[in-house]
Amino acid sequence: MNKTEEILSTANKLRWEVGENFHDSILESIYKDASEISEKVVTRIGEKPKFDLDRFIDRIVTGRWTGFPIMFLLLALVFWLTIIGANIPSSWISYILVDTLHPLLKNFMNSIQIPFWITGLLIDGAYLAAAWVISVMLPPMAIFFPMFTLLEDFGYLPRVAFNMDNLYRRVGAHGKQALTMSMGFGCNAAGVIATRIIDSPRERIIAIITNNFSLCNGRWPTQILIATIFIGGTVPAYLAGIASAGAVVAIAILGVLFSLIVSWGLSKSVLKGEASAFSLELPPYRPPRLLQTLYTSLIDRTIFVLWRAVVFAVPAGIVIWLVANVNIGGISLAEYFIRGVDPFAFFIGLNGVIILAYVIAIPANEIVIPTVLMLTVLSTKMTLGAGAGVMFELDSTAATANILHAGGWTVLTGINLMLFSLLHNPCSTTIYTIYKETKSIKWTMISTFLPIAMGLIICFFFTQIWRLIAG
Amino acid sequence: MNPLTSLIAGIVFIVALLIVFLPGVGIIARWKRIRKDRSRELIEDALKHLYDCEYTSVDCSLNSISGSLSLSGEKTAQVISSLESMNLITSHENKISLTPEGRSYALRIIRIHRLWERHLADNTSVLEKDWHSVAEQREHETSREEADRLAASLGNPLIDPHGDPIPSITGEIPEREGITLNNLENGIFAAIIHIEDEPKEVYAQLSAMGLYPGMQIYLLENSKNKIRFEADGEECLLAPILASNITVVPISEKEHVKEKFQSLSSLKMDQSAMIVGISKAMRGQQRRRLLDFGVVPGTIVKAQLESLSGDPTGYEIRGATIALRRNQSDLIYIKQVD
């Protein structure tokens, strides 16, 4: 016993003597020994080639005049291929799952005399929501993620982070946030998972919270549809295409601006004290491994995220069907809600239908528009669509516009919906993913309610100013 | 409703929210501050001050206590009498001294304070000028067990970021050594071992000059009204009153390694240099990350790639390309090699 105490007290004394530098000194000597050994035993063959391909590519992609154009062109190409390429498979899947299988299943259920409400809950609610999510979500993700992963595998993406770091440093974030943000344009849940590449705790949380400001592919179709109807409709026909495309791009750029502003605000307030350390490795370029990339991006990213979305879509589908079909005194729950919320929604330039749609379509932004259409038809007693609680979409934009106009929508409603679609809570898949990644209720809550608060405030002020000017 | 009315109502609502909830200055924050019981804080702060006097062998009086706690004389007298009744101090002919219990209580608080400062410096991004005031708050809210856990998670550090020794669990603390900078003679190499963190304004000024414990200096001129010295190759000028807040130990010329060093950020494209050290101002996770990359004395670096906006820069380090921001490469010292 005495001996132990003696050793401990000697150790304590010695600790004072070695000083606080000894960690550095140990590491230094380890490196020194290692490099001495490697000098002795490792033989290097030949000189470095005169023409270094890596350096040559680096000079171009980080060049003052070539860096940004290449970056924008590559990203634009990826988005364009995703949007164009996804249309065809999307309509196939939709044809099979929604247009063909759905009526088949419904007829089958009817033929074996299942009560209508079971059919409604399971087929019109759960099945249809899941089918919708798969048909809209799967094709763009299956195209976007492999392309993105190829760029990553080739070694280009770290150079984007390298180029963008100066901007992100100024707002207290990490250059790699440019990558997770781009990933968020595909899917916010995947973007949140991608923040694992940021190893500094503070910058990672910033990237997670602001990922929702990237317009995900569930929101692009909403933006495009509403812009075509309401923005394209206000200008002469030959300008309609350009005006509506411009409006959608403006919303996306607004999202990027918000992500920078919010990053700055967070790093100056709630996240001021969190640990922060910058590191960025620029790996050598290498030919991408096609098959492996396809496999990992399809399995790890696409299927993984899609599965989570489907799991959340099923209960939401049931809720959507229920609110439209449970009646009290001849009026459905949905109508009660819509009427109750309408006066409040008026102040933010929206309407009860939109608010209800955003509440019950929380699992996926993809089903917001079908839900809005169903609810509009329900609340205006039109004889369109497929019945109460059955989401639908119309092939023609003009027909969709007619429904919305009948629902009392104006240009102001359209613009506010575009703003609100950008600035509202992340879908439940993303919220769940944020919780999984941060293991913190606090950050999950902030990521959920911060954008919604911003959306309400911005829609409110935009509406009042619009009404003031428009008279 | 008229849009103008709602617009004004909206603005009023948001301003009202801010007034109530704004952290630090909002009504809720103020209310919390008022509600807080300050008596324990005052007792602990008084004990710390008394211990400090003892450590630096200065006599302590009621006046110096009321000065350091910024309390009225009357309030201070109350604090002192309650300290006496708790048997933590004894006063004898106007001279106040600590009892053994009082000393061990004071050491415990000092330990917690310095542990927090170490933690803030290593594991958070709290600004250097705020370490002291944040630790000043937390030292009163931390139990002994929490402090021991904190110490263990920090690897039982010995020295706080200002160079003060951290008392051990049993309350041991080494003797004070070194002399203050204003007493150093001309032409002597010395190392800074401590920078006093109070008063705050002086500390802010010293840390803004880039002085830190562990830095090696060379005294050029020590006269009545100014002290001129070289620190990491840069010439600094201090008033003696400021220099008295810096404690140094003379070192032999042999140990003196930091002759005029360049920082890595001054390395031009495609040039190579040898790393000679990382500044002490690079701490915690960031420092460990650099060491992992092989940024240790003796490593050859080459500036390889400039980002299109000029910052960060890619350096070739041990065969890999590592991007470093300018505020990092400023803190890495290099030496030209052939």
Side-chain angles (χ1 to χ4, degrees), chain A residues 12 15-16 18-21 23-24 27-28 30-32 35 54-55 58-59 61-68 158-159 161-167 169 175 199-202 267 269-284 346-347 457 460-461 463-468, chain B residues 1-8 10-11 14 23 120 122-127 130 134 155-159 165 168 170 172 174 213-214 277-278 280 284-294 296-299 304-312 314 318 320-325 327-328:
Chain A
N12 271 335
R15 273 169 63 82
W16 289 107
V18 294
E20 54 166 352
N21 254 342
H23 286 116
D24 281 17
L27 208 70
E28 224 172 86
I30 290 174
Y31 264 104
K32 206 171 149 205
S35 65
D54 273 25
R55 295 296 308 279
D58 268 340
R59 284 278 147 93
V61 299
T62 65
R64 210 159 286 250
W65 303 110
T66 45
F68 274 121
R159 270 74 183 178
F162 181 63
N163 279 336
M164 297 303 289
D165 185 66
N166 200 11
L167 176 65
R169 180 177 55 81
D199 49 9
S200 168
R202 177 169 80 168
S267 70
S269 58
V270 277
L271 282 161
K272 206 162 115 193
E274 287 283 325
S276 153
F278 174 82
S279 70
L280 175 62
E281 226 187 308
L282 301 172
F346 172 79
F347 282 106
I457 291 171
F460 173 83
F461 282 106
T463 305
Q464 309 313 321
I465 291 168
W466 175 282
R467 283 181 187 150
L468 258 186
Chain B
M1 213 195 318
N2 184 333
L4 193 61
T5 332
S6 11
L7 195 62
I8 293 166
I11 292 171
I14 286 180
L120 293 171
D122 285 358
N123 298 336
T124 71
S125 321
V126 173
L127 295 179
D130 297 330
V134 175
N156 292 312
L158 300 165
I159 297 170
S168 65
T170 49
E172 284 164 54
I278 308 176
K280 278 276 187 300
Q285 195 187 352
Q286 185 73 72
R287 188 183 188 88
R288 287 194 293 276
R289 187 64 42 79
L290 286 179
L291 294 173
D292 290 344
F293 281 138
V296 291
T299 301
Q304 199 180 48
L305 192 64
E306 202 170 30
S307 139
L308 55 82
S309 47
D311 183 22
R318 293 191 181 268
T321 308
I322 311 290
L324 297 176
R325 287 178 175 173
N327 56 16
Q328 296 175 303

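Labels below follow one simple rule: chain letters A, B, ... track the order of the sequence lines, proteins then strands, and each chain is numbered from 1.
- Each of A:T62, A:D54, A:T66 has some count of heavy-atom pairs under 4.5 Å with chain B, and the biggest count is that of A:T62.
- When all heavy atoms of B:F293 and A:E281 are compared, the pair lying nearest together is CE2-OE1, 4.0 Å.
- Only the side chain of A:R55 comes within contact range of chain B, judged by heavy atoms closer than 4.5 Å.
- For the set B:L290, B:L127, B:L324, B:N156, the count of heavy-atom pairs under 4.5 angstrom toward chain A peaks at B:N156.
- The residue among A:L167, A:L271, A:D165 with the most heavy atom pairs within less than 4.5 Å of chain B is A:D165.
- Heavy-atom pairs under 4.5 Å with chain B peak, among A:W65, A:F278, A:Y31, at A:F278.
- Contact of A:I457 with chain B is made through the side chain alone, with heavy-atom distances under 4.5 Å.
- In this structure, chain B has heavy atoms under 4.5 Å from both the backbone and the side chain of A:R169.
- Note: B:P297 leads B:P297, B:A320, B:G298 in heavy-atom pairs under 4.5 Å with chain A.
- Interface summary for chain A: among B:L291, B:D130, B:I322, the most heavy-atom pairs under 4.5 angstrom belong to B:L291.
- Of all non-hydrogen atoms in B:L308 and A:G67, the two that sit nearest each other are CD2-CA, 3.6 Å.
- Minimum heavy-atom separation, B:S6 to A:Q464: OG-OE1, 3.0 Å.
- Proximity to chain A is limited to the side chain of B:R318, based on heavy atoms less than 4.5 angstrom apart.
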- Test side-chain contact (heavy atoms from CB on, under 4.5 Å) on A:F162 and B:L305 and set out the steps. CA-CA 10 Å; A:F162 181 63; B:L305 192 64; 3.8 Å; yes
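- Interface summary for chain A: among B:N123, B:L7, B:V126, the most heavy-atom pairs under 4.5 angstrom belong to B:L7.
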- Task: Show your working on side-chain contact (heavy atoms from CB on, under 4.5 Å) between A:F460 and B:I14 and close with a plain yes or no.
- Result: CA-CA 12 Å; A:F460 173 83; B:I14 286 180; over 6 Å; no
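- Residues forming a side-chain hydrogen bond (donor to acceptor under 3.5 Å, both in side chains) with A:D199 (at least two apart in sequence, or on another chain): A:S279, B:R289.
- One distance of note links CE of A:M164 with OG of B:S309; it measures 8.5 Å at 0.5 Å rounding.
- When all heavy atoms of B:Q304 and A:R59 are compared, the pair lying nearest together is O-NH2, 3.6 Å.
- When all heavy atoms of A:K272 and B:S125 are compared, the pair lying nearest together is O-CB, 3.6 Å.
- Judged as a side-chain hydrogen bond (donor to acceptor under 3.5 Å, both in side chains), and not counting sequence neighbours, B:Q285 has no contacts.
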